[in-house]
Amino acid sequence: MQTATSSSIYQLTEEQLAVRDAARDFAQSELWAGVIERDEHQKFPAEQIKKMGELGFMGMMVSPEYGGSGLDTVSYVLAMEEISKVDASCSVIMSVNNSLVCWGLEKYGTEEQKRKYLPRLCSGEIIGAFALSEPEAGSDATSQRTTAEDKGDHYLLNGTKNWITNGTTASVYLVIAQTHPELKSRGINVLIVDKDMPGFVQGPKENKLGIRGSDTCSLMFTDVKVPKENRIGDDGFGFKFAMQVLAGGRIGIASQALGIASGSLELSLKYAKERKAFGVPIAQHQAIQFKLADMATNVDAARLLCLQAAADKDNHADYGKSGAMAKLFASKVAMEASVEAVQIHGGYGFVKEYHVERFMRDAKITQIYEGTSEIQKIVISRDILK
C-alpha cells in the first residue's frame with residue numbers, strides 16, 4: 001500500500017523515512033505475534049513497551065539531553081501510524097507517554113522535574129499517565145471536582161479521576177486539580193503525583209470494548225500530600241497546561257486512528273486478492289473495488305491532515321485547528337474503514353484471527369478520548385469563525 005513517501009507533497013527526510021521503517025519493522029516483528037491474545041485477555045504489553053523505550057519510541061520528541069530521541073512531530077506521526085496498524089493498545093500507551101506526559105514535562109517543567117522523570121519515561125523504565133477526566137468533568141474540563149488545597153509547602157489532593165490510560169501501570173501521573181474554585185479555570189493546577197504516595201489508590205481495570213491491552217482505570221486521592229515542587233508552572237497554570245498538551249495529544253490520537261484505518265486497508269487488499277468468489281479473486285468485483293477505492297482515498301486524506309498538523313507543530317504555527325481537523329477526520333475514517341474491512345472479509349471478518357474485528361472495536365475510542373468528535377467540531381468552528 002502507498003504510504004507518505006517522496007511522491008507526497010510532504011518531502012520526508014531520510015531520517016523520517018528511517019523512523020517510519022524502524023517502527024514498521026518493530027510492529028511486524030514484535031507486536032503482531034500475541035496481539036490477539038493480549039486483546040482477548042486484556043494483557044498489558046509490558047515487554048513490548050520496554051522494547052519500544054529501548055528503541056526510542058517512548059520519548060520521541062524529547063531532547064537527547066533528557067534521554068529522548070530528539071525527533072520532530074512528523075516522525076512521531078509516521079511511527080504512530082505503523083505501530084497502530086498492528087496494535088492500537090501499544091500505540092495509545094506510546095501516545096500518552098509522548099504527547100501528554102513527556103512533552104508537557106519538557107515544555108513546562110522545571111529543570112529538576114525534567115531530570116528526575118524524563119530519562120526514565122523515555123527509556124520505558126517507567127510509564128506516565130495524564131489525569132484530567134472525572135465523573136463530572138470529561139469534555140467540560142473546567143468542572144474539576146478534584147481539589148489541591150494549598151498547605152504552604154505542599155498541596156493536599158482529594159478527588160477521583162476516571163478513564164485514565166496507563167492507570168494501573170504508570171509510575172508518574174500528571175493530575176489536574178482545582179486550588180482556587182473562585183477563579184474557576186484560572187484556579188486549576190497540575191501536580192506530579194508518584195504512584196507510591198500515601199492516600200493514592202488505583203481502581204480496577206475497566207473491561208473495555210477495544211484497546212483492551214491498554215489498561216484504563218479510575219484513580220482515587222484521599223489527603224495525598226504533594227510537595228509544592230511537584231507543581232508544573234505557576235499557580236493557576238493547570239487548565240492552560242491541560243489544553244496545550246491535549247492539542248498535541250490530538251495529533252497522536254489522529255495518527256493512531258490513521259494507523260487503524262491504514263491497517264484495515266492493507267488487510268483488506270491482501271484478502272481481496274486471495275479470496276475467490278464466482279471463480280475470480282473478489283478484488284476483481286467492482287463492489288469490492290469501490291470499497292477499496294474509498295478506503296484508500298480516505299486514508300491518504302487522513303494522512304495528509306495528520307502530517308499538516310505535525311508540520312504546524314514543528315514549525316511553531318498554531319496547530320489547534322489542524323490537530324482537531326486531523327483527529328476529527330482520521331477517527332471517522334478509522335471507524336468507516338474498519339467496518340468496511342469486516343464487510344470485505346465477510347464471515348471471516350467476524351472471526352478474531354483475521355484481526356479486522358479488533359480494528360473495528362479499537363477504532364471507536366478514537367472518536368471519544370482526548371476530545372470527542374463533537375468537541376473537535378467546537379474547536380474547529382471557533383477557529384474559523386474568529
Discussion item. Is there a path of hydrophobic side-chain contacts, each under 4.5 Å between heavy atoms of I/L/V/M/F/W/Y residues, joining Met52 to Tyr76?
Written reply: yes
Discussion item. Salt bridge check, Lys51 against Glu54: does any charged N sit closer than 4.0 Å to a carboxylate O?
Written reply: no
Fill in: Donor-acceptor contact present, side-chain Asp194 to main-chain Val172, <3.5 Å
no
Worksheet item: Cluster question for you: counting only ILVMFWY and a side-chain heavy-atom cut-off of under 4.5 Å, with indirect links fine, are Val35 and Ile49 together?
Response: no
Worksheet item: Hey, are Lys332 and Glu336 close enough for a salt bridge, meaning a charged N less than 4.0 Å from a carboxylate O?
Response: yes
Fill in: More than 12 heavy atoms of other groups within 6.0 Å of Glu15 CD
no
Discussion item. Under the rule for ring pair (Phe, Tyr, Trp, His ring centres under 6.0 Å), what residues qualify as partners of Phe26, not counting sequence neighbours?
Written reply: none
Discussion item. side-chain contact (heavy atoms from CB on, under 4.5 Å), that's the test. Do Ile176 and Asn189 meet it? Break it down for me.
Written reply: CA-CA 6 Å; Ile176 309 300; Asn189 279 311; over 6 Å; no
Worksheet item: Out of Glu14, Met60, Glu82, which residue meets the side chain to side chain contact (heavy atoms under 4.5 Å, CB included) rule with Val19?
Response: Met60
Worksheet item: Would a hydrophobic clustering, with Ile, Leu, Val, Met, Phe, Trp and Tyr connected at side-chain separations under 4.5 Å, put Val74 with Trp103?
Response: yes
Item to complete: Before accepting this row, confirm whether a basic side-chain N of the pair Glu229/Arg231 lies closer than 4.0 Å to the acidic partner's carboxylate O.
Response: no
Fill in: Neighbour count above 12 (heavy atom, 6.0 Å) for Lys228 NZ
yes
Item to complete: Could you walk me through whether Met58 and Ile93 pass side-chain contact (heavy atoms from CB on, under 4.5 Å), step by step?
Response: CA-CA 9 Å; Met58 296 302 284; Ile93 298 164; 4.2 Å; yes
Worksheet item: Side chains of Thr216 and Lys205: do they bring a donor and an acceptor to under 3.5 Å?
Response: no
Discussion item. Less than 4.0 angstrom from a charged side-chain N to a carboxylate O is my criterion; do Lys114 and Glu106 meet it?
Written reply: no
Worksheet item: Where do Asp72 and Gln16 land on the side-chain hydrogen bond (donor to acceptor under 3.5 Å, both in side chains) test, with the steps shown first?
Response: CA-CA 9 Å; Asp72 57 12; Gln16 290 166 340; 2.7 Å; yes
Worksheet, complete the sentence: Between Ser133 and Ile164, the two heavy atoms sitting closest are O-CD1, 4.4 Å
Discussion item. Does Gln144 form a side-chain contact (heavy atoms from CB on, under 4.5 Å) with Leu132? I'd like the steps, not just the answer.
Written reply: CA-CA 8 Å; Gln144 294 293 307; Leu132 172 66; 3.4 Å; yes
Worksheet entry | Note: Lys161-Glu134 ion pair, threshold 4.0 Å (strictly below) | yes
Worksheet item: With sequence neighbours left out, what residues match Tyr354 under ring pair (Phe, Tyr, Trp, His ring centres under 6.0 Å)?
Response: Tyr348
Discussion item. Looking at every non-hydrogen atom in both residues, tell me the closest pair between Ala137 and Ser143 and how far apart they are.
Written reply: CB-O, 3.1 Å
Discussion item. Would you say Leu55 ends up clustered with Met61 if hydrophobic residues are merged whenever their side chains have heavy atoms under 4.5 Å apart, either directly or through other cluster members?
Written reply: yes
Item to complete: Starting from the C-alpha separation in whole Å, work towards a yes-or-no answer on side-chain contact (heavy atoms from CB on, under 4.5 Å) for Arg275 and Ile344.
Response: CA-CA 10 Å; Arg275 176 77 163 95; Ile344 289 168; over 6 Å; no
Item to complete: Count the heavy atoms belonging to other residues, nucleotides or ligands that lie under 6.0 Å from CG of Asp140, then report whether that count exceeds 12.
Response: yes
Worksheet entry | Minimum heavy-atom distance between Leu100 and Glu370, given as atom pair plus value | CD1-OE2, 3.6 Å
Worksheet item: Same cluster for Ile232 and Leu219 if Ile/Leu/Val/Met/Phe/Trp/Tyr side chains link at under 4.5 Å?
Response: no
Worksheet item: Taking atom CD of Glu65 as the centre, does the number of heavy atoms from other residues, nucleotides or ligands within less than 6.0 Å exceed 12?
Response: yes
Worksheet, complete the sentence: For Ala261 and Val333, the nearest pair of non-hydrogen atoms, with its separation, is CB-CG1, 3.7 Å
For residues 239-258, tabulate all N or O donor-acceptor pairs below 3.5 Å that involve a side-chain atom, not counting sequence neighbours.
unit_1 : atom_1 : unit_2 : atom_2 : d
Arg250 : NE     : Gln376 : OE1    : 3.1
Ser255 : OG     : Ile251 : O      : 2.7
Gln256 : OE1    : Tyr369 : OH     : 2.5
Gln256 : NE2    : Ala88  : O      : 2.9
Gln256 : NE2    : Ser91  : OG     : 3.3
Gln256 : NE2    : Tyr369 : OH     : 3.1

Discussion item. Restricting to non-hydrogen atoms, name the atom on Ile288 and the atom on Ala272 that form the minimum distance, rounded to 0.1 Å.
Written reply: CG2-CB, 4.1 Å
Discussion item. I'd like to know whether CZ of Arg361 has more than 12 heavy-atom contacts from other residues, nucleotides or ligands below 6.0 angstrom.
Written reply: yes
Discussion item. Within a 6.0 Å radius of atom CZ on Arg115, are there more than 12 heavy atoms belonging to other residues, nucleotides or ligands?
Written reply: yes
Worksheet item: Does a sphere of radius 6.0 Å around CD in Glu274 hold more than 12 heavy atoms from other residues, nucleotides or ligands, not counting ones at 6.0 Å or beyond?
Response: yes
Worksheet item: Does the pair Glu37/Lys352 count as a salt bridge with the N-to-O cut at 4.0 Å?
Response: no
Worksheet item: Counting heavy atoms not belonging to Lys276, are there more than 12 under 6.0 Å from its NZ?
Response: no
Worksheet entry | Salt-bridge present (Lys291, Asp294; N to O < 4.0 Å) | no
Fill in: Side chains of Thr73 and Asp314, donor plus acceptor under 3.5 Å
yes
Worksheet item: Would you call Lys85 and Glu266 a salt bridge, taking side-chain N to carboxylate O under 4.0 Å as the test?
Response: yes
Item to complete: Please name the pair of heavy atoms, one in Ile365 and one in Ile211, separated by the smallest distance, quoted to 0.1 Å.
Response: CG2-CD1, 4.0 Å
Worksheet item: Between Phe130 and Tyr173, is a ring-ring contact (aromatic ring centres under 6.0 Å, His included) present by the stated rule, with each step listed?
Response: CA-CA 6 Å; Phe130 179 75; Tyr173 301 75; over 10 Å; no
Worksheet item: Is a donor on one side and an acceptor on the other found under 3.5 Å between the side chain of Asn315 and the backbone of Ala311?
Response: yes
Worksheet item: Distance from Ser89 atom OG to Leu31 atom CG, nearest 0.5 Å?
Response: 10.5 Å
Worksheet item: Under 3.5 Å, is there a donor-acceptor pair between the Glu111 and Tyr66 side chains?
Response: yes
